[in-house]
Amino acid sequence: MDFICCMVTKSIQAYSGRSGSCSQLRVIFSFYASTIVPALDAVDKVSDAIISKLLPYVQKGLKSSLTDYKAATYMVVCQLAVKVVMEVSLVDTLTVQISKSLLREPVLAKEGVGCLIVLLQNQKEGAAGPRAFSHLRSMPALVPTLQVMAATHDVSPLLRYLLPHLIHAFFTCSSGETDEFRVLESVLQDVPLTKGLDRTVACLLLDEYLSRTGLSAENTSAFDQRLLPLVRLFESKYCGALDGVLAGHVTDISSTEQKPLFHQFLSLSMSSGKYQIMGDSDTSLLLSLKHPQPSVRVSAVDHLMSIITSGQLQSLDKAFLKDAVTDRLKDDVPEVVAAALRVLELLFDVLDPEDIVLCLLSLLHRADLLVAELWMPVLTEAVRLLSDPRLGKGDAELVQRVGWRLLPFLVVASTELRLTSSVARSSILTQHPLALNWAQELDELMKQLSARLRGFGERASRLHADQEPGEHGALLQAGCGESLEKLALLVEQQQRGSGLRARASFLVLTQTLLLGLGELSETQHLLTAQRVYMLLERPLLELSRDDRQEAEQHVSAPSTFSEALTLYLSSVVISGAAEGPAAGSFRVLMKLLVQVHLREPPMLFRFLGCGDTAVTMEISWT
């Protein structure tokens, strides 16, 4: 090792008089790096003796003006850093010398920065002192190099060293545009902060600001003007990190000197409103919105409304507004939800209409789980907001989707009809092709209701059945070409539901779909019928299985929808053929069923294997 290192030094001296690059020196430097690096890697432990022998030559290489020599030295330093944990003073010295070398030889910017990253990554945290920072901040290619390297490598070790020094230097410098400000701004703008560095920067900015006690109002105002673009830049890229740090400090700051500074720092943020302390309490708006006491949540929502109405909307970011309103619309207390609806109405021109519709529909879907008497004003208000013209302004398709989504709420699923009545009278549904005259029909139904509603499914279906079958087809065709598809999709959604309203809506809307087949063309009729069969396949299969279980028949289940449908139709026909004035007609229908659908013996015997005793006897009689 001594021989190789000395050979490098002697060769440099021997060729020092020659101008330009020297190929012989390049070979020697390559030999130097390719020998020393594997040698360090091969030893079990790099001793202090080895380090002491290499250190003089490392320092010479870092100070050298020869590019190849410096590059070889970077490789040796990296291998040392990976192999052994060095003394803090040595790490600090190497960091300073590498930083200086980057200023003298900008051609090797990527190699030098990479060497610094490896050194800081593998040595004790905090080993590098502030001296290297004074050189790095003056390096013109520092941020562009970090930006390129960050795409493929982890540059967080160097950023973890640089950022605290940059932020501290920015806060302690009295001048305006400084190197620290330009470098810090470029890092925040172009280099991603990973591995918790975003939260580290947020903590540093806040802690440094809170430490500026005893300054005059004039100096504080001037500094805030310098700091404002930096805070806004950081917040635009790492809003979550800043939010987390600010939220954690809201209740932790007890110093009377730091409280005004904290609120002043909040004013620099784009989302300062959510951290405002409410009235005489020590709780911020953000925390009050999630307070366990309903009265505090109501006060928080009212405070949010006052911020919006007082023209301070810019102090609240859109994401916070959306989350705050959405969360409180899911509240279990009607007073809180009512207050949230008042705020939501003020935000119609701010929030996305799709988000507003989803919030309101989600609230209506909770209707069956809520106590009707307490929640009815809230639910009625939600229906009114869904009919607000501002929601459909310039978006007719959204209005149509809302109309289709409201149709299930027209189905009478309980003795409480006020929600159904409110939906039926909404401006959206009064124009819907399937809900024409629904409000008048509902009034008639309400007049006939007794204290206990009997047969809600039959009575609810009257609202559809009172119209002629052909009228449904005309209504569907009059709406738009996609009405049948939209109605089928709505039926599918109700089929997946488990509540009483969903089950009742599935029956009523399926009947509406069937009644609408009459006036359709042959092609439309076939396609729609196929869709109806697909919707009814699972319920009919379950129904046929349930019937056999009740009869305790240990026979094979129908394996296809056509078998289940045939079995179900035969059961209906046989029931009618047993007795009554129409028994003869039902027997004729049974004969036609066998002749048309069960002509082939294999099909007949397969059908008999799925049916019960009554079906078998009837077919034999036929």
Side-chain angles (χ1 to χ4, degrees), residues 88 91-104 106 109 112-113 116-117 119-120 125-147 150 155-216 218-238 241-242 245 258 261-262 264-265 268-269:
V88 172
V91 174
D92 183 41
T93 300
L94 289 174
T95 306
V96 172
Q97 291 178 347
I98 295 171
S99 302
K100 286 182 179 179
S101 72
L102 288 171
L103 291 177
R104 289 192 294 266
V113 170
L116 269 178
I117 292 173
L119 179 64
L120 295 171
E125 188 172 352
R131 292 186 300 160
F133 167 71
S134 61
H135 301 289
L136 287 174
R137 69 181 178 184
S138 302
M139 177 184 172
L142 175 63
V143 177
T145 303
L146 285 172
Q147 183 181 8
V155 298
S156 60
L158 182 54
L159 291 177
R160 203 172 299 278
Y161 167 76
L162 275 175
L163 288 169
H165 292 293
L166 282 171
I167 294 173
H168 179 72
F170 171 75
F171 274 86
T172 54
C173 183
S174 58
S175 59
E177 287 291 322
T178 62
D179 290 339
E180 292 82 3
F181 176 80
R182 286 191 290 269
V183 175
L184 181 56
E185 185 181 39
S186 299
V187 168
L188 296 180
Q189 180 68 49
D190 300 327
V191 184
L193 303 182
T194 59
K195 296 189 174 181
L197 279 173
D198 52 351
R199 186 174 179 84
T200 300
V201 171
C203 290
L204 289 170
L205 289 173
L206 180 59
D207 292 343
E208 289 284 353
Y209 193 88
L210 295 180
S211 67
R212 296 173 58 83
T213 56
L215 296 179
S216 65
E218 182 179 354
N219 290 337
T220 301
S221 177
F223 180 77
D224 287 348
Q225 293 300 317
R226 292 169 48 206
L227 181 61
L228 179 63
L230 205 62
V231 173
R232 294 291 174 88
L233 171 62
F234 178 76
E235 187 177 15
S236 66
K237 297 178 74 68
Y238 307 102
L242 185 61
V245 171
Q258 287 189 340
L261 286 172
F262 179 72
Q264 186 63 27
F265 186 85
L268 302 176
S269 167

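- A side-chain donor-acceptor contact under 3.5 Å links Ser134 to the backbone of Arg131.
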For a side chain to side chain contact (heavy atoms under 4.5 Å, CB included) check, start with the C-alpha distance between Phe234 and Leu242, then their side-chain angles and the critical distance, and finish with the verdict. CA-CA 8 Å; Phe234 178 76; Leu242 185 61; 4.1 Å; yes

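- In plain terms, the two heavy atoms of Ser101 and Ile98 that are nearest each other are OG-O, 2.6 Å.
- Summarising the geometry, atom OG1 belonging to Thr145 is positioned 10.0 Å from atom CD belonging to Gln147; distances are rounded to the nearest 0.5 Å.
- Atom OH of residue Tyr209 and atom OG1 of residue Thr220 lie 6.0 Å apart, to the nearest 0.5 angstrom.
- The two atoms that bring Leu136 and Leu162 nearest to each other are CD1-CD2, 3.9 Å, heavy atoms only.
- Arg226 and Phe181 get closest at one heavy-atom pair: O-CE1, 3.9 Å.
- Across all non-hydrogen atoms, the minimal contact from Val113 to Met139 is CG2-CE, 4.0 Å.
- Side-chain atoms of Leu142 and Val187, non-hydrogen and from C-beta on, never get closer than 4.5 Å to each other.
- Shortest non-hydrogen contact noted between Ala132 and Thr95 is CB-CG2, 3.4 Å.
- Note that SG of Cys203 is 10.0 Å distant from CD1 of Ile167, once rounded to the nearest 0.5 Å.
- For the side-chain contact (heavy atoms from CB on, under 4.5 Å) test, residues two or more places apart in sequence or in another chain that qualify with Lys237 are Leu233.
- Between the CD atom in Gln97 and the CG atom in Asp92 there is a gap of 10.0 Å [rounded to 0.5 Å].
- Looking only at distances, a side-chain donor or acceptor of Tyr238 sits under 3.5 Å from a matching main-chain atom of Leu193.
- Taking CD of Gln264 as the start and CG of Leu227 as the end, the distance is 10.0 Å to the nearest 0.5 Å.
- Taking the six-membered ring for Trp, Phe171 and Phe223 have ring centres closer than 6.0 Å.
- For Ser211, the side-chain contact (heavy atoms from CB on, under 4.5 Å) partners two or more places apart in sequence, or in a different chain, are Glu208.
- Annotation: side chain of Phe170 is not in contact with side chain of Glu185 (no heavy-atom distance under 4.5 Å).
- Not counting sequence neighbours, the partners of Leu228 by the side-chain contact (heavy atoms from CB on, under 4.5 Å) test are Arg232, Leu268.
- Pairing each heavy atom of His165 with each of Gly129, the nearest pair is NE2-O, 4.4 Å.
- Using a 4.5 Å heavy-atom threshold, the side chains of Thr200 and Leu163 count as separate.
- Checking side-chain atoms of Tyr161 against main-chain N and O of Ile117 turns up no donor-acceptor pair under 3.5 Å.
- To the nearest 0.5 Å, the span separating OG on Ser138 from CG on Leu102 amounts to 12.0 Å.
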